[in-house]
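The block underneath contains the structure these notes are about, expressed in structure tokens.
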Amino acid sequence: MSEEMKHIEETEDVWSNFIHDFIEEDIAPGGRFAGMKVHTRFPPEPNGYLHIGHAKAIYIDFATAEKYNGLCNLRMDDTNPTKEDVEYVKAIQEDIAWLGFSWGDRFYYASDYFGKMYEIAVNLIKKGLAYVCECTAEEMRENRGDLTNPAISPYRDRPIEESLDLFKRMKAGEFSDGAMTLRAKIDLASGNFNMRDPVLYRISHMHHHRTGNEWYIYPMYDYAHPIEDALEGITHSLCSLEFEDHRPLYEWVILHSELQCQPRQIEFARLNMNHMVMSKRKLRLLVENNIVSGWDDPRMPTLSGLRRRGYTPIAIRNFCERIGVSKVNSVVEYSFLEHCLREELNISAQRVMAVLDPVKLIVTNYPKDLVEEFEIENNPNRPEDGTRTITFSRESWIERSDFTEEPVKGYFRFFPGNEVRMKTTYIVKCTGCKKDENGNVIEVYGEYDSATRGGTTPDGRKVRGTIHWVDARNALNAEIRLYDNLFTEADPESGELLDLINEKSLQVLENCKVEASVKELDSKSSFQFMRQGYFCFDSQDSTQEHLVFNRTVSLKDSFKKK
RNA sequence: UGGGCUGUCGCCAAGCGGUAAGGCAACGGACUUUGACUCCGUCACUCGUAGGUUCGAAUCCUGCCAGCCCAGCCA
């Protein structure tokens, strides 16, 4: 079997969904796109940062093209100057590239096609398929009819020449915003409101981030999108479910535009997740009100926020792949995203030892001036990642929760009389502790067994507990930040903005102790924090004193009472 | 109320007339120099519901029920 065949077989094993069924039907002999290369597009409006919900759409658009050895374009859908800004364009490109998808040299703007769209509109008027309407927004609303009554349009039968003249003058900027619109002449009685003579063009004297003040009229999504797709030779225009009702209009525009390419629109359900808010409007409010530090605040569900929180592109892509594609309005559990990260980090993350809540351990029978070096693997799952050297001496920092005076049944870490393995070094027997006047443990004492170097037991005795630790002589003091989603489960869509903030989404742990080797590791690496989960450096603020604990990965209590 | 769409395990999701894949979560257990990871086991006699067609239905037909989307000069 050739590599290519193998690849195809593998990808087919991974997913199969209704979109593929349509595509396969289309590219099969005799199909709508027989013999053509599958061509998709991802068309964000540059009015905000991309979030995990967009990742699903990006994945579907790009991975579907990849699966059929086709192409996927990246296009800024910038047909509404009142909402868009260049600031977002770069961020969008960066996030998609970060996910590992490439649009090659096919980066476009809808605004590139304004001229062609205008020509097509003129032609529509000439064919009697569009007319200039002078209804105000209110009149339009009043005339729209309702579920059972058809719409009314007083300007519908305006002579072609008159519409042509008016439309040209609209373009020339003769009329003020809202004075008139260009409308398609379709069906005022349609049960589908999108077909009740939809607006094709509106007047706006606003400055456009790319075309400046060249245009006074801007095309509506329903008119612009099919033309953009057709001009780019898109075969499959994949979008979310709320556009199902727009498909007849999409097809109407394609048909009457008389363009060569006739793309097929296919809709899928957008991503919903518990514990996360995907509303761009709300995310923007958080940023504008400085409730978060920016779109890339690690508590945000944006791709840039998730990136700073330690998420990797592979984890997010795997997630998108495994949630599948369907037309069911579903809510994916956040734990599934966490799983995908954990799964990837377990393979790729470089390990390092750290103590979040330190208490000192003194090995009383260990020579005062002795320092021993040990080699420890960077990643037990991947020996090729090599080892690093750590030191061990008389005093170490251990986790406060790794010692107790009164062990519950099943507890097998430090308690007086119990032996514990300090990872990679020795087996240490707990001999007691020292407390302050309030009864808080301030030091733990133990005696090591020099015959157990490397953590082995020559006599074969079993030692169940193995703990992580950091040499007190050279430990780095660190502030570790635990990040979680900004939003709570509580009714994210209806609550007030401030009510949605989860105060526990950022916890700062001071006085954490991290092993000295950290300064030599790449600041973009993820690290596994023993027994607790993973943490990583914040790629925006990667000083050695600032580690970001990846809260997304299991903070569940690892010790279960039995 | 008109139009469109959807209902398979707590959550995703295969299935396309031949007798319910898989993943997440959960729960047992094994293993373990991370109580992690890994592994192994349990977890839908049933596919929104009521009928019908069929030797046979989650899959076809009909009715009903539930949910989502649409009356922006937003996308």
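Every chain is numbered from 1 and lettered A, B, ... according to where its sequence line falls, protein lines coming before strand lines. These numbers come from the heavy atoms of this one structure, side chains and all, not from hydrogens, waters or symmetry mates.
Nucleotides B/G3 and B/U8 have their C1' atoms positioned 27 Å apart, rounded to a whole Å. To the nearest whole angstrom, the two P atoms, one in B/C43 and one in B/U62, are 37 Å apart. Nucleotides B/C69 and B/A57 place their P atoms 36 Å apart, quoted to the nearest Å. Going from the P atom of B/C55 to that of B/C45 covers 28 Å, rounded to whole Å. Nucleotides B/C47 and B/U38 are separated by 34 Å at their P atoms, to the nearest Å. A distance of about 25 Å separates the C1' atoms of B/U6 and B/C74, rounded to the whole Å. Taking the P atoms as reference points, B/C37 lies 16 Å from B/G23, given to the whole Å.
In terms of polar N and O atoms assigned as donor or acceptor, the side chain of A/Asn192 never comes within less than 3.5 Å of the base of B/G4 in a complementary pairing. Between the side chain of A/Arg413 and the base of B/G35, at least one donor-acceptor pair of N or O atoms lies under 3.5 Å.
Taking side-chain N and O atoms only, A/Arg281 has no distance below 4.0 Å to OP1 or OP2 of B/A75. The shortest distance between the side-chain N/O atoms of A/Arg144 and the OP1/OP2 oxygens of B/G2 is not below 4.0 Å.
Remark: P of B/A75 and CG of A/Leu238 are 20 Å apart, rounded to the nearest angstrom. Summarising the geometry, the separation between CD on A/Glu244 and P on B/C68 is reported as 15 Å, rounded to the nearest angstrom.
When both distances must be under 3.5 Å, the Watson-Crick or G-U wobble mate of B/A36 does not exist. The partner of B/U62 is B/A50, by the rule that a Watson-Crick or G-U pair needs both atom distances under 3.5 Å.
For A/Val132, the side-chain contact (heavy atoms from CB on, under 4.5 Å) partners two or more places apart in sequence, or in a different chain, are A/Arg158, A/Ser163, A/Leu166, A/Phe167, A/Met170, A/Met180, A/Leu182.
Nucleic acid contact for A/His246: base, since at least one base atom lies under 4.0 Å from a heavy atom of the residue. Nucleic acid contact class of A/Gly145 (heavy atoms, under 4.0 Å, all strands): base.
In this pair, A/Tyr113 and A/Tyr108 present their aromatic rings tilted. The plane angle is within the 30 to 60° band.
Between A/Ala349 and A/Asn379, the closest heavy-atom pair is O-ND2, 3.2 Å.
For A/Tyr250 and A/His246, the distance between ring centers is not under 6.0 angstrom. Annotation: A/Phe392 is in aromatic contact with A/Tyr366 [ring centroid separation under 6.0 Å].
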